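In this chain, numbering begins with 1 at the start of the sequence shown. Computed from a prediction, not measured in an experiment: that's the story for all the values here.
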Amino acid sequence: MRVYEIIANERRALADLFDELTPEQAREQSLCAGWTVHDVAAHLVMPLETGRPALALALLTARGDFDRANRRLTARHAARPLTELAGSLRRNAEHPFKLPGMGPEAPLTDLLVHGQDIRRPLGLDREFSEERITLSLRFLTETKARGFVPRGRLDGLAFETTDLDWSHGEGALVRGPAEALLLTICGRPAGLDDLHGDGVTALRSRLTESRSG
């Protein structure tokens, strides 16, 4: 399936990026709350190296809390050098990992969003192909993207990209670049300043409430 080819390409590109980062850049706070750039790299490697028994044990220890288990497992991998994580991501580029009950669009979206969690704070630009970012936007808005979009975040809002042919929903308009929409739909306030429309205020409020809660 072509989506897996795109995923492999994204992993290799991120591995190349990690190899180029300085120690100072690796310690920079990412857009992902509580995680540095190095931590995000560890998170991307973690599911590719964690077998089902280890994941089940982590979930049991965390009393079924996936986020807690995820952070604990990620912390273990974050103790490794960034170059080692880059090598693992490159070796496992074609790993068919996907979340239970979801298609490959879920890991693709994880890679695209976490890639921007890293690049934006470091001031690194990224051009997205229309195909891959549209796949992720459709996944986030047209499916039950559990773990990506909390219930109610998109209610009553219409989304429209300014740089490609994609729109979704009805209601107050939220309009802007596809990358900014991708980030805000996934809960990153950093994309809000690139958006406009009468729905932005409501979206900003929802992101603030979810972070404070």
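- If you take CZ on R90 and CG on N92, they are separated by 11.5 Å, rounding to the nearest 0.5 Å.
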Should R204 and D193 be marked as a side chain to side chain contact (heavy atoms under 4.5 Å, CB included) after you check the CA-CA gap, both sets of side-chain angles, and the distance that decides it? CA-CA 10 Å; R204 185 185 300 274; D193 289 342; 3.7 Å; yes

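- Residues A180 and L195 approach most closely at CB-CD2, 3.7 Å, considering heavy atoms.
- The CG atom of L181 lies 12.5 Å from the OG atom of S136; values are rounded to the nearest 0.5 Å.
- Distance check: L122 CG to L21 CG gives 6.0 Å after rounding to the nearest 0.5 Å.
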Please assess L124 against L17 for the test side chain to side chain contact (heavy atoms under 4.5 Å, CB included), listing each intermediate value before the final yes or no. CA-CA 10 Å; L124 303 176; L17 173 60; 3.7 Å; yes

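- Of all heavy-atom pairs between L89 and A15, the closest is CD2-N, 3.9 Å.
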Please assess F18 against E84 for the test side chain to side chain contact (heavy atoms under 4.5 Å, CB included), listing each intermediate value before the final yes or no. CA-CA 10 Å; F18 296 151; E84 185 178 318; over 6 Å; no

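- Of the inter-residue distances, the one linking T83 atom OG1 with L85 atom CG reads 8.0 Å to the nearest 0.5 angstrom.
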Could you give me the CA-CA distance, side-chain angles and deciding distance for Q29 and T36, then say whether side chain to side chain donor-acceptor pair (under 3.5 Å) is met? CA-CA 4 Å; Q29 174 62 44; T36 64; over 6 Å; no

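- Counting only residues at least two apart or on different chains, the salt bridge (charged side-chain N to carboxylate O under 4.0 Å, His left out) pairs with a member in residues 25-43 are E24-R27.
- Not one N or O on the side chain of S205 forms a donor-acceptor pair closer than 3.5 Å with the backbone of T201.
- Contacts classified as salt bridge (charged side-chain N to carboxylate O under 4.0 Å, His left out) and involving residues 111-120 (residues at least two apart or in different chains) are given here: D117-R188, R120-E179, R120-D194.
- Put simply, NE2 on H196 and OG1 on T162 are 7.0 Å apart, with the number rounded to the nearest 0.5 Å.
- By the side-chain hydrogen bond (donor to acceptor under 3.5 Å, both in side chains) test, E160 is found to be paired with R175, residues two or more places apart in sequence or in another chain being considered.
- A 4.5 Å side-chain heavy-atom check between V37 and P121 finds every atom pair outside the cut-off.
- Listed by first and then second residue, the ring pair (Phe, Tyr, Trp, His ring centres under 6.0 Å) pairs that reach into residues 142-191 are F139-F148, sequence neighbours excluded.
- Applying salt bridge (Lys or Arg N to Asp or Glu O under 4.0 Å) to R132 and the options E127, E10, E5 leaves one that passes, E10.
- What you find for P104 and I7 is that their closest heavy atoms are O-CD1, 3.4 Å.
- By the 4.5 Å heavy-atom criterion applied to side chains, V45 and T74 are not counted as neighbours.
- Every residue was checked against the side-chain hydrogen bond (donor to acceptor under 3.5 Å, both in side chains) condition with D198, not counting sequence neighbours, and none meets it.
- Using a 4.5 Å heavy-atom threshold, the side chains of T161 and P177 count as separate.
- Taking all atoms of both residues into account, the shortest heavy-atom contact from A158 to G169 is CB-O, 3.6 Å.
- Linking Ile, Leu, Val, Met, Phe, Trp and Tyr residues whenever their side-chain heavy atoms come within less than 4.5 Å leaves L137 and L173 in two separate clusters.
- A heavy-atom distance below 4.5 Å is found between the side chains of R11 and L111.
- In this structure, E94 and A8 approach most closely via the heavy-atom pair CG-CB, 4.0 Å.
- Heavy atoms of other residues, nucleotides or ligands lying less than 6.0 angstrom from CG of D155 number more than 12.
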Applying side chain to side chain contact (heavy atoms under 4.5 Å, CB included), run through V149 and T141 and close with a yes or a no. CA-CA 8 Å; V149 185; T141 58; over 6 Å; no

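- Summarising the geometry, atom CG belonging to L14 is positioned 11.0 Å from atom CG belonging to D19; distances are rounded to the nearest 0.5 Å.
- The two residues A202 and L157 come nearest to each other via the heavy atoms CB-CD2, 4.4 Å.
- The shortest side-chain heavy-atom distance between K144 and R151 does not fall under the 4.5 Å cut-off.
- By the 6.0 Å and 45° rule, R2 does not stack over the aromatic ring of Y4.
- S30 places no side-chain N or O within donor-acceptor distance of the main-chain N or O of I118, the cut-off being under 3.5 Å.
- Here ring pair (Phe, Tyr, Trp, His ring centres under 6.0 Å) pairs that include residues 73-127, with residues two or more places apart or in two chains, are H43-H114.
- Put simply, the side chain of E49 reaches to within 4.5 Å of the side chain of S88, judged on heavy atoms.
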